[in-house]
Amino acid sequence: MTTSTAAHSPPSGALRAVGAGDEERFRALFDANFRALLGYAMRRVGSSTDAADVVADTMLVAWRRLNDVPEGDAARLWLYGVARRVLANQRRGDDRRERLGERLRSELAKAVPDPAEASDSAVVVRAAMAKLGDSDRELLMLTGWEGLDPSEAATVLGLSPRVVRTRLHRARRRLEKLLGDAFGGPGHERNDNPPTEEDR
């Protein structure tokens, strides 16, 4: 994937109106979080162009609300929360197009399955994830793909860590059931160990 030079630097035109301290902080924030934020967006939208738009809109919010951005590692979670709201706004605005596109992709996958991927476990996992509700899927993506622990995911989602741990445990069980069904029935390839203290 190629990205324009503009995508890798903060909006210089807007920086002229503020002091050097703010500019330096924003540049440091951008440099430290650009890749993680782009990865977050890429895993949630259909194209690199859409992902770049999410990152740009998120960083614009960060620039406008620079004083609200927390210091240190908490900044990444704050940016994920903003990106999540940006995505929600985009989805509302493009809802009809998104629904049609999803329907066409789903129908195409059913009509023309790729035999080379028929036994690929990644395909099975993605199909199972697609059957989950939005909140389950987002929570599993935050913890599995973004590598967040339940407390960090709670910050992004605006929920308490206890609620997130409970929802995460239930989401994992629902995914395990879907995967068990896909691999030949309940219990197949399932991990039936009791939940850990963190899952509770």
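Note that these values count all heavy atoms, side chains included, but never hydrogens, waters or copies made by symmetry.
Ring geometry, Phe34 versus Phe30: the interplanar angle falls under 30°, so the pair is classed parallel (tilted spans 30 to 60°). The aromatic rings of Tyr80 and Tyr40 sit parallel, their planes meeting at an angle under 30°, below the 60° perpendicular limit.
Across all their heavy atoms, Leu79 and Leu37 have their closest contact at O-CD1, 4.0 Å. The minimum heavy-atom distance linking Leu159 with Val163 is given by the pair CD1-CG1, 4.4 Å. Taking each heavy atom of Met42 and Ser48 in turn, the nearest pair found is SD-CA, 3.6 Å. The shortest non-hydrogen separation linking Arg137 to Ala130 is NH1-O, 3.5 Å. When every heavy atom of Ser151 is checked against every heavy atom of Arg165, the shortest pair comes out as OG-NH2, 3.3 Å. The shortest heavy-atom contact between Ala62 and Val69 is O-CG2, 4.0 Å.
Annotation for Arg43: atom CZ counts as buried by contact number, over 12 foreign heavy atoms lying within 6.0 Å. The neighbour count for Asp68 CG, taken as heavy atoms of other residues, nucleotides or ligands under 6.0 Å away, is above 12.
Annotation: side chain of Leu142 is in contact with side chain of Leu157 (closest heavy-atom distance under 4.5 Å). In this structure the side chain of Val54 never reaches within 4.5 angstrom of the side chain of Arg44, judged on heavy atoms. Side-chain atoms of Leu178 and Leu132, non-hydrogen and from C-beta on, do get closer than 4.5 Å to each other. At a threshold of 4.5 Å between non-hydrogen side-chain atoms, the residues His169 and Arg173 count as touching. Between Leu168 and Leu140 the shortest side-chain heavy-atom distance falls below 4.5 Å.
Atom CG of Leu77 sits about 6.0 Å away from atom CG of Leu148, to the nearest 0.5 Å. The line from CG of Asp73 to CD of Glu71 is 11.5 Å long, rounded to the nearest 0.5 Å. To the nearest 0.5 Å, atoms CZ (Arg170) and CG (Asp136) are separated by 10.0 Å. Here the straight-line distance linking atom CG of Asp22 with atom CH2 of Trp63 works out to 6.0 Å at 0.5 Å rounding. Annotation: the span from Asp50 atom CG to Leu87 atom CG amounts to 9.5 Å, rounded to 0.5 Å. The CE atom of Met129 sits 9.0 Å away from the CD atom of Glu138 when rounded to the nearest 0.5 Å.
For Arg25 (side chain) and Leu66 (main-chain N/O), a donor-acceptor pair under 3.5 Å exists by modelled atom type. A donor-acceptor distance shorter than 3.5 angstrom exists from the side chain of Glu152 to the backbone of Asp149, with no hydrogens or angles considered.
A side-chain contact (heavy atoms from CB on, under 4.5 Å) with Pro150 is found for exactly one of Val164, Thr155, Thr166, namely Val164.
With hydrogens and angles left out, the side-chain atoms of Thr58 and Arg85 include no donor and acceptor closer than 3.5 Å.
A salt bridge does not link Glu176 with Arg172: every distance from a Lys NZ or Arg NE/NH1/NH2 to an Asp or Glu carboxylate oxygen is 4.0 Å or more.
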Stepwise side-chain contact (heavy atoms from CB on, under 4.5 Å) check, Asp57 with Asn89:
CA-CA 11 Å; Asp57 289 347; Asn89 288 338; over 6 Å; no
